[in-house]
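Throughout, residue positions are numbered sequentially from 1 according to the sequence presented. As a basis for the values below, the full set of heavy atoms in this structure was taken, side chains included, without hydrogen atoms, waters or symmetry mates.
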Amino acid sequence: MTGLRVTRPAPELPAEHRFALVVATTRYADATLQQLRAPAHDAAALSRVLADPLTGAFEVTTVIDRSGQEIRLAAEEFLTGRSPRDLLVVHLSCHGLIDLRRRLYFAATDTVKNRLAATGVESQWLLEEMEDCRARRQVVILDCCFSGAFAQGAKGNTDLGLGPRFHGQGRGRVVLTASRAQRSCLLLRVTMDPHTERADMLR
């Protein structure tokens, strides 16, 4: 399932409205970025769990193998017009890349590794969009591989500090990350079962 953006209507929602944005990128035009297989499969599995009326009852929007501009537009559209009572889940599964100033970018299909500012999706931009969102309960899941993410010449502690970056100043935000240091990282495989505690944590 590639090159698709699909919104699945939620079943009968609980009293509060629940919305999920699942972004996955498997194909990259830049030859220096490894093609990935797991993100699309994981996105489909996570979407099924979240949309299941007995598990999450979320209205799920999936954005698979899209350009950086398309991902930014989808994220902005997803976060706009929410109410304070809404529960939001934002999941990104892709390559994570760091520039010389240690800024984190999420790679899209058209991302060029040495042109991140112009072609990547900057994490700080996403954080600011989430800060502006009125929803008081937000869950961010970053399933990113940081193999070779640091640009040559980057200095300082290799800890990316993803948690502090995404907690921001807002309240009610939970951040789950696959890795926090410079190392080869396997993408998290989604094996969520409707009867496990991991699925229950979103209830």
Side-chain angles (χ1 to χ4, degrees), residues 1 4-25 39-40 42-94 96 103-109 120-144 161-178 188 190 192 194 197-203:
M1 181 176 63
L4 299 176
R5 177 180 169 188
V6 180
T7 298
R8 299 183 181 181
E12 296 183 8
L13 289 171
E16 78 278 8
H17 289 180
R18 302 179 174 198
F19 303 92
L21 176 66
V22 179
V23 179
T25 306
D42 293 349
L46 180 60
S47 297
R48 287 194 300 270
V49 171
L50 292 174
D52 190 305
L54 300 179
T55 305
F58 281 80
E59 179 177 315
V60 180
T61 297
T62 58
V63 181
I64 310 297
D65 285 339
R66 305 307 293 263
S67 68
Q69 180 65 7
E70 289 172 310
I71 292 174
R72 284 187 289 270
L73 288 172
E76 184 172 3
E77 179 180 325
F78 174 80
L79 294 169
T80 300
R82 301 304 182 196
S83 73
R85 295 186 61 191
D86 290 343
L87 170 61
L88 305 185
V89 171
V90 176
H91 173 270
L92 294 102
S93 182
C94 59
R103 293 174 297 193
L104 171 65
Y105 292 83
F106 304 112
T109 57
V121 179
E122 188 177 0
S123 63
Q124 183 62 34
W125 173 85
L126 179 59
L127 173 59
E128 292 174 358
E129 291 293 312
M130 298 189 74
E131 290 286 349
D132 291 339
C133 179
R134 297 179 64 219
R136 294 175 181 172
R137 294 179 297 164
Q138 302 175 1
V139 178
V140 182
I141 306 172
L142 302 180
D143 187 1
C144 300
L162 296 183
R165 293 189 194 193
F166 270 88
H167 279 303
Q169 302 300 316
R171 294 175 293 176
R173 182 178 301 144
V174 176
V175 181
L176 306 176
T177 64
L188 294 175
V190 176
M192 298 177 70
E197 291 182 354
R198 269 201 290 176
D200 289 342
M201 72 180 179
L202 296 177
R203 287 185 178 178

query = Are the side chains of Ser93 and Cys144 in touch, meaning some heavy atoms are under 4.5 Å apart?
reply = no
query = So, do Arg173 and Val140 sit near enough that their side-chain heavy atoms are less than 4.5 Å apart?
reply = yes
inquiry  = Distance check, rounded to the nearest 0.5 Å: Asp42 atom CG versus His91 atom NE2?
reply    = 6.5 Å
Any Phe58 side-chain heavy atom under 4.5 Å of Val49 side chain = no
task = Report the residues that fulfil side chain to side chain contact (heavy atoms under 4.5 Å, CB included) with Glu129, sequence neighbours left out, ordered by chain and then residue number.
result = Glu76, Leu79, Trp125
request  = Calculate, to the nearest 0.5 Å, the distance between atoms CZ and CG belonging to Arg82 and Asp132 respectively.
outcome  = 14.5 Å
Atom of Ala75, atom of Leu21 and distance for their closest heavy-atom approach = CA-CD2, 3.8 Å
Set of side chain to side chain contact (heavy atoms under 4.5 Å, CB included) partners for Ala108, sequence neighbours left out = Ile71, Asp110, Thr111
query = Counting only N and O atoms by type, is there a donor-acceptor contact under 3.5 Å from the side chain of Arg18 to the main-chain atoms of Gly56?
reply = yes
request  = Could I get the full list of side chain to side chain contact (heavy atoms under 4.5 Å, CB included) partners for Glu77, not counting sequence neighbours?
outcome  = Arg5
note = Note: Ala135 and Asp86 closest approach over all heavy atoms is CB-O, 3.7 Å
ask   = Counting N and O atoms only, with roles assigned by atom type, does the side chain of Arg85 sit under 3.5 Å from a partner on the main chain of His17, one being a donor and the other an acceptor?
value = no
note = Per side-chain contact (heavy atoms from CB on, under 4.5 Å), Val89 is matched among Val139, Val60, Leu46 by Val139
key: From CA spacing to verdict: side-chain contact (heavy atoms from CB on, under 4.5 Å), Val63, Phe78   = CA-CA 11 Å; Val63 181; Phe78 174 80; over 6 Å; no
key: Least distance between heavy atoms, Arg103 atom then Tyr105 atom   = O-CD1, 3.4 Å
key: Which residues share a salt bridge (Lys or Arg N to Asp or Glu O under 4.0 Å) with Glu70, sequence neighbours left out   = Arg66
inquiry  = Minimum heavy-atom separation for Leu126 and Phe106, please, with both atom names.
reply    = CD2-CE1, 4.1 Å
